[in-house]
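Before any comments, here is the structure.
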Amino acid sequence: MKTEQVDVLVIGAGPAGTVAASIIHQAGYKVKIVEKMKFPRFVIGESLLPRSMDALNEAGFIDAIKAKGFQEKFGAKFVKGEALCDFTFKEQYTPGWTWTWQVTRADFDKTLADTVESMGVPVAYETTVTDIRFNGSDSVTTVEDKDGNKSTIEARFIVDGSGYGRVIPRLFNLEKNSNLQPRKALFAHAVDTRRSMADEPNRITAVVHKKGVWIWIIPFSTGVTSLGFVGDPEFFAQYPGTDEEVYRALLEAEPYTRERFRDVELVFEPRVLQSWSATTDKFYGDGFVLTGNVTEFLDPIFSSGVTLACVSSQTAAKLVIKKLRGEEVDWEKEYMEPTLQGVNTFRSYVMAWYEGTLDTIFFKKDADPVIKGQICSVLAGYVWDMSNPFVKNHDTALKRLARTIELTEKLKSSSEIE
Ligand code: FAD
């Protein structure tokens, strides 16, 4: 069996894998990526957050992405009936990037993978990891190509950026259920000829359809728009028919989408994804680190997935370099804690969204601009800025604010009656 040696083996050529590979390669180490699929390949996760830009920049990807002409994104809009809440990232509290992109992931991920390859990192496509043996922090990984040929890769360190593949957690029984309830998404890409009806395309729109059910609208620069419904699996079960029939019935059922997307041409038949939330106890071990979706993926609302993938890989890559240089790394303090800090902040916002707490905050008239800027920072992905009270106290601040708004409104309406 053929064997090769590298300093770092990266599993997966998505944003997590390519960001890590590029940063480690730039430090002078021999890196190889193995990727199960042939690129371009479809993956969902099309709306980025400004915080991802710093990681993409450090990986040296920004110019290549810019050259692709993806749709620029400057904010996020939330809609419920007639009520509207528009966040513009320029108003965010934390200093940093104030814009990003909305991307077709097949093209975006291929751009990242081609760029890292052009820097000198080989990417073995259609090559699947089937086994890993650790000997201390050194490892021997068995991979299989599309023709069934097996070979091995000896590495001093492994970065697992295998996304929903969850290679190391699956091989070593590290899988753990998420504490979020299972949800389902039904989505497609649509030729959006009536786009000018809406104040778009430079932001994502999330429409509250019913409690716990919402719609994403993510316009691309090509005139095509990604449109997806997310909710409890039981919600979808009420609608009979094929996925396309259900999808079209849902577009018709929501006033916000009815007019703009009636009889819309779909680029592909609607697809279903469900029960995507999963995690593991530890995001690292002797000789490996997990990044991106392999750590934990929460939920599509707030578009946190690619940003957490890029930032966890940016952090992990620097620690891998430190480790390869023979320096001590405290993985718990330097990786697990900051990664969880980001994930847990978004978790509080995801829970508040489905509980309805964020409806109270988002759709309040005359919102306090300081508070709005602080929440805007979280929505831009700045979930590590502990000077922001809506990051530092993420688990309590939203509930407290919603309660204050409700009480004030109750007092106002009772004084109006008197
Ligand atoms: P991936 O992009 O999944 O890349 C992992 C790669 O590893 C894949 O190419 C895969 O082929 C490869 N791989 C897997 N197994 C193996 C193996 N055994 N050997 C070799 N290679 C392997 N995120 C956002 O930021 N914005 C959004 O708007 C958004 N919307 C979403 C909507 C839905 C319905 C869902 C479910 C998720 C959404 N996400 C969104 C999340 C987003 O899809 C992920 O967070 C993101 O793709 C994670 O990137 P990654 O690099 O970790 O993994």
Side-chain angles (χ1 to χ4, degrees), residues 14-20 22-23 26 45-78 85-105 107-109 111-112 115-116 200-206 216 218-221 226 291-292 298 300-318 338-339 341-343 345-346 349 369-392 394:
T18 49
V19 165
S22 170
I23 295 174
Q26 287 176 54
E46 298 149 332
S47 177
L48 311 186
L49 301 181
R51 175 60 183 90
S52 67
M53 303 292 270
D54 182 56
L56 293 166
N57 191 34
E58 189 166 349
F61 293 159
I62 293 284
D63 288 347
I65 306 169
K66 252 186 202 159
K68 292 288 166 182
F70 291 116
Q71 175 62 52
E72 289 176 342
K73 171 184 172 185
F74 299 105
K77 188 161 79 177
F78 297 86
C85 172
D86 204 354
F87 287 95
T88 300
F89 297 135
K90 268 202 177 127
E91 289 159 13
Q92 75 201 14
Y93 161 86
T94 307
W97 291 79
T98 55
W99 66 278
T100 184
W101 284 288
Q102 293 170 163
V103 300
T104 42
R105 283 288 301 282
D107 302 319
F108 178 75
D109 288 19
T111 305
L112 305 193
T115 308
V116 81
E200 285 175 4
N202 60 12
R203 58 238 297 106
I204 182 175
T205 301
W216 79 65
I218 304 173
F220 302 130
S221 57
S226 178
T291 69
L298 299 165
I301 188 70
F302 308 129
S303 312
S304 60
V306 173
T307 297
L308 289 173
C310 293
V311 177
S312 61
S313 279
Q314 183 186 24
T315 310
K318 290 177 188 162
T339 305
Q341 156 65 33
V343 170
T345 302
F346 274 118
Y349 281 70
V370 174
I371 292 178
K372 195 169 175 201
Q374 290 166 339
I375 293 176
C376 184
S377 269
V378 173
L379 303 186
Y382 290 95
V383 287
W384 293 273
D385 178 1
M386 299 306 258
S387 75
N388 181 349
F390 285 88
V391 170
K392 187 161 185 260
H394 59 83

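Inter-residue side-chain proximity for W99 and N202 is flagged as unmet; no heavy-atom pair is nearer than 4.5 Å. A heavy-atom distance below 4.5 Å is not found between the side chains of K68 and D107. Side-chain contact between F74 and K90: absent, with no pair of heavy atoms (C-beta onward) separated by less than 4.5 Å. You'll find the side chain of F108 stays beyond 4.5 Å of the side chain of E46, heavy atoms only. For the pair R105/P15, a side-chain contact is recorded, criterion being any heavy-atom separation below 4.5 Å from C-beta on. The shortest distance between side-chain heavy atoms of T100 and R51 does not fall below 4.5 Å. Counting only heavy atoms from C-beta outward, the side chains of S22 and T18 never approach each other to under 4.5 Å. In this structure, the side chains of S303 and I204 come closer than 4.5 Å at one or more pairs of heavy atoms.
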Report task. List the steps and the verdict of side-chain contact (heavy atoms from CB on, under 4.5 Å) for T345 and F390. Result -> CA-CA 9 Å; T345 302; F390 285 88; over 6 Å; no
Report task. Please step through side-chain contact (heavy atoms from CB on, under 4.5 Å) for the pair V391 and Q341, ending with a clear verdict. Result -> CA-CA 9 Å; V391 170; Q341 156 65 33; 3.4 Å; yes
Query raised in the report: After noting the C-alpha distance and the side-chain angles of Q314 and L56, does the key distance pass the side-chain contact (heavy atoms from CB on, under 4.5 Å) rule?
Result: CA-CA 9 Å; Q314 183 186 24; L56 293 166; over 6 Å; no
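The nearest pair of heavy atoms linking I301 to A206 is CD1-CB, 4.1 Å. Closest of all the heavy-atom pairs between G75 and R203 is O-CB, 3.1 Å. Nearest heavy-atom pair across F89 and T98 is CB-O, 3.1 Å. When all heavy atoms are compared, the tightest approach of L48 to T307 is C-OG1, 4.5 Å. Across W216 and S226, no two heavy atoms sit closer than the pair NE1-OG, 2.9 Å. Of all the heavy atoms in Y382 and W97, the pair that sits closest is OH-N, 2.8 Å.
Taking CG of L308 as the start and OG1 of T291 as the end, the distance is 11.0 Å to the nearest 0.5 Å. A distance of 5.0 Å separates OG1 of T94 from CG of N388, quoted to the nearest 0.5 Å. Summarising the geometry, atom CG belonging to L298 is positioned 8.5 Å from atom CZ belonging to F346; distances are rounded to the nearest 0.5 Å. In this structure, T115 OG1 and I65 CD1 are separated by 7.5 Å, a value rounded to the nearest 0.5 Å. Atom CD1 in I375 sits 13.0 Å away from atom CD in E91 (nearest 0.5 Å). We find the CD-OG distance between Q92 and S377 to be 5.0 Å, quoted to the nearest 0.5 Å.
Between the S221 side chain and the G69 main chain, a donor and an acceptor come within less than 3.5 Å of each other. Remark: the backbone N or O of P219 is paired with a side-chain donor or acceptor of Q102 at under 3.5 angstrom.
In this structure, F302 and Y349 have perpendicular ring planes: the angle between them is above 60°, well past the 30° mark.
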